[in-house]
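The figures that follow rest on heavy atoms only: side chains count, while hydrogens, waters and symmetry mates do not. Keep in mind the model is a prediction, meaning the values are calculated, not measured. Numbers restart at 1 for each chain; the letters A, B, ... are given by sequence-line order, proteins then strands.
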2 protein chains.
Amino acid sequence: MPCDHHHHCAKEAWQFAEDLCAQKGYRFTDSRRQVFDVLISSHKALTAKEVMKKINNGQPPITYRALEFLTQVGLAHHIASINAYVGCAHHHQEGHVAEFLICTNCHEVEEVDLSSQLSALMVHAKASNFKPQETYVEMTGLCGTCQDS
Amino acid sequence: MPCDHHHHCAKEAWQFAEDLCAQKGYRFTDSRRQVFDVLISSHKALTAKEVMKKINNGQPPITYRALEFLTQVGLAHHIASINAYVGCAHHHQEGHVAEFLICTNCHEVEEVDLSSQLSALMVHAKASNFKPQETYVEMTGLCGTCQDS
DNA sequence: GCTGCAATTGTTAAAAATTAACAATTGCAA
DNA sequence: TTGCAATTGTTAATTTTTAACAATTGCAGC
Ligand SMILES: [Zn+2]
Ligand SMILES: [Zn+2]
Ligand SMILES: [Zn+2]
Ligand SMILES: [Zn+2]
C-alpha cells in the first residue's frame, strides 16, 4: 500500500488538472483524460505500453500524443531512466526541478521538490556558461516496502 | 572545437581503460575496444545507432553488448534523457554520482563530479527509507558554443 | 444556424530501437 | 589437449516510436 491517501490524491489531482486546463485554455479531451486517469490512478511510473494496455488497448499514436501533451503542460513527468511516465498534480513554477525516487521493483515514484537545493546543480552550469533547458534528477533504487519483501 | 586537449584526453583515456581492465580481469576485446574508441574519440553523447555507423556498420547485438559492458565497468555512461552514451575515463569511487550537462544542439557532454554535493539529493532518499542504486543527474541545454551560433 | 479553419483524433503502416535465440569461436585453466 | 565459460557472429523477432493522411471536432465569425 504505497499510498493510503490515494483516493484523496486522485480527487485533488483531477481538480487541479481541470483548473489548469480551463485557466490556460488547454483542451482536456477524452483521450487526454483517459491517459491522465491511468497515470494519476497510480503512484507508479508506467511505460507507454502499460498505459495503452490499461486503456482498452488504445492505439499508440493517441497514447503517445496524450503523454506528450500531459508532459508538456506539467500533468505528467517523463522518467527518462526507465522510460516511463508518472502523473503529477503539483503546482510547478517555471524552471522548477524535481527529484524522482524510482523503485526498480514496483516502479512506485516519489517526487520531491528540489528548487531550494538547486544551486548545487546549477553552479557547474553557470561556471561552464551552459544555458539549461531541462533538468533530470532521478534516483533508482528500492522503496521501503520492496526492501522488506 | 569543444576540446583542444582532445588527443591528450584520448591517450590518457586509453591508458586508463587498459589498466582498469587488466587490473580487474575484464576482457577488453576488439569489439569493446572499437566502441570505446568511438565514444572516447568524442566528447559528445552518441546514440547506439551513431556508434554502429562509425564502426563499419557494426551489428546491433555486438554494439549493444559492448555498450552495456562499458557502462557497467565505468568506461561509459548512459545518458538517459537523450538515450545516448558518452565515454568516460574518470576514476569513479563506488557510489559516485556525476552530473551531466548535455547540449541539445551538438550533444557535447560535460561530466561533473557531484560527490561533494550529494547530500542534497540523498537527504530525501534517507527520509523516505529509499535505498539508492543508480543516480541520474542530467541537465540538457545549450553549451557556450551553441548559444553563439 | 451555417461556414471556415485550426486542433485533435482515428487508422494504417512504416521506421527505429532493442532484444532473443542459437551456433561458432575464443581464451584460459586443468 | 581437453573442457568449459565467456564472447562473438548471425538471423530474425520484438518492442517502441513515429509518419502520413483522412476524418472529426470545437469554436469564432458571419
Ligand atoms: Zn511534478
Ligand atoms: Zn517498491
Ligand atoms: Zn564518468
Ligand atoms: Zn553545443
Check your understanding: Any idea how A/Phe28 and A/Trp14 line up, ring-wise: parallel (<30°), tilted (30 to 60°), or perpendicular (>60°)?
Key -> tilted
**Study point:** Listed nucleotide nearest any side-chain atom of A/Arg65, set D/dT18, C/dA21, D/dC21
**Key:** D/dC21
Revision key, fill the gap. Nearest heavy-atom contact between A/Val38 and A/Leu46 is CG1-CD1, 3.5 Å
Point to revise | is_close_aromatic(A/His92, A/His77), centroid dist under 6.0 Å | key: yes
Check your understanding: Could you give the OH-to-C1' distance, from B/Tyr64 to D/dT14, as a whole number of Å?
Key -> 13 Å
Point to revise | Pair A/Thr140, B/Glu134: side-chain N/O donor-acceptor within cut-off below 3.5 Å | key: no
Study note, to complete from the structure: Taken to the nearest 0.5 Å, the spacing of B/Lys49 NZ from B/Lys54 NZ works out to 14.5 Å
Review point. Do B/Arg32 and B/Glu68 sit within salt-bridge range, that is, some charged N less than 4.0 Å from a carboxylate O?
Key: no
**Study point:** Relative orientation of the end axes in the helix from C/dG1-D/dC30 to C/dA30-D/dT1, expressed as an angle to the nearest 10° (five pairs per end)
**Key:** 30°
Practice item. Quickly work out the B/Leu67 CG to C/dA17 P distance and round it to whole Å. Key: 13 Å
Point to revise | Atom pair OG (B/Ser128) and CD (A/Glu110), whose distance is rounded to the nearest 0.5 Å | key: 3.0 Å
Exercise for review: Please state how far atom CG in B/Leu46 lies from atom C1' in C/dA17, giving the value in whole angstrom units.
Suggested key: 16 Å
**Study point:** Between C1' of C/dT18 and OH of B/Tyr85, the distance in whole Å
**Key:** 9 Å
Review point. Going by atom types only, do A/Glu111 and B/His124 share a side-chain donor-acceptor pair under 3.5 Å?
Key: no
Point to revise | Exercise: do B/Asp19 and B/Gln15 side chains pair donor with acceptor under 3.5 Å | key: yes
**Study point:** No-hydrogen, no-angle side-chain donor-acceptor test under 3.5 Å, B/Asp113 and B/His90
**Key:** no
Review point. Heavy atom of residues 21-33 of chain B under 4.0 Å from DNA chain D: which residues?
Key: B/Arg27, B/Thr29, B/Ser31, B/Arg32
Exercise for review: Examine C/dA17: is either OP1 or OP2 under 4.0 Å from a nitrogen or oxygen in the side chain of A/Asn83? Give yes or no.
Suggested key: no
Review point. Which residues in residues 47-54 of chain A have at least one heavy atom lying under 4.0 Å from any atom of DNA chain D?
Key: A/Ala48, A/Lys49
Review point. Mapping A/Gln59 and A/Ala66 onto DNA chain C by nearest heavy atom, which one lands closer to the 5' end?
Key: A/Ala66
Check your understanding: Between C/dT19 atom C1' and B/Ile62 atom CD1, what is the distance in whole Å?
Key -> 14 Å
Practice item. Mind calculating the distance between CZ (B/Phe69) and P (D/dA6) to the nearest angstrom? Key: 13 Å
Review point. Is there a donor in the side chain of A/Thr104 and an acceptor in the side chain of B/Gln133, or the other way round, less than 3.5 Å apart?
Key: yes
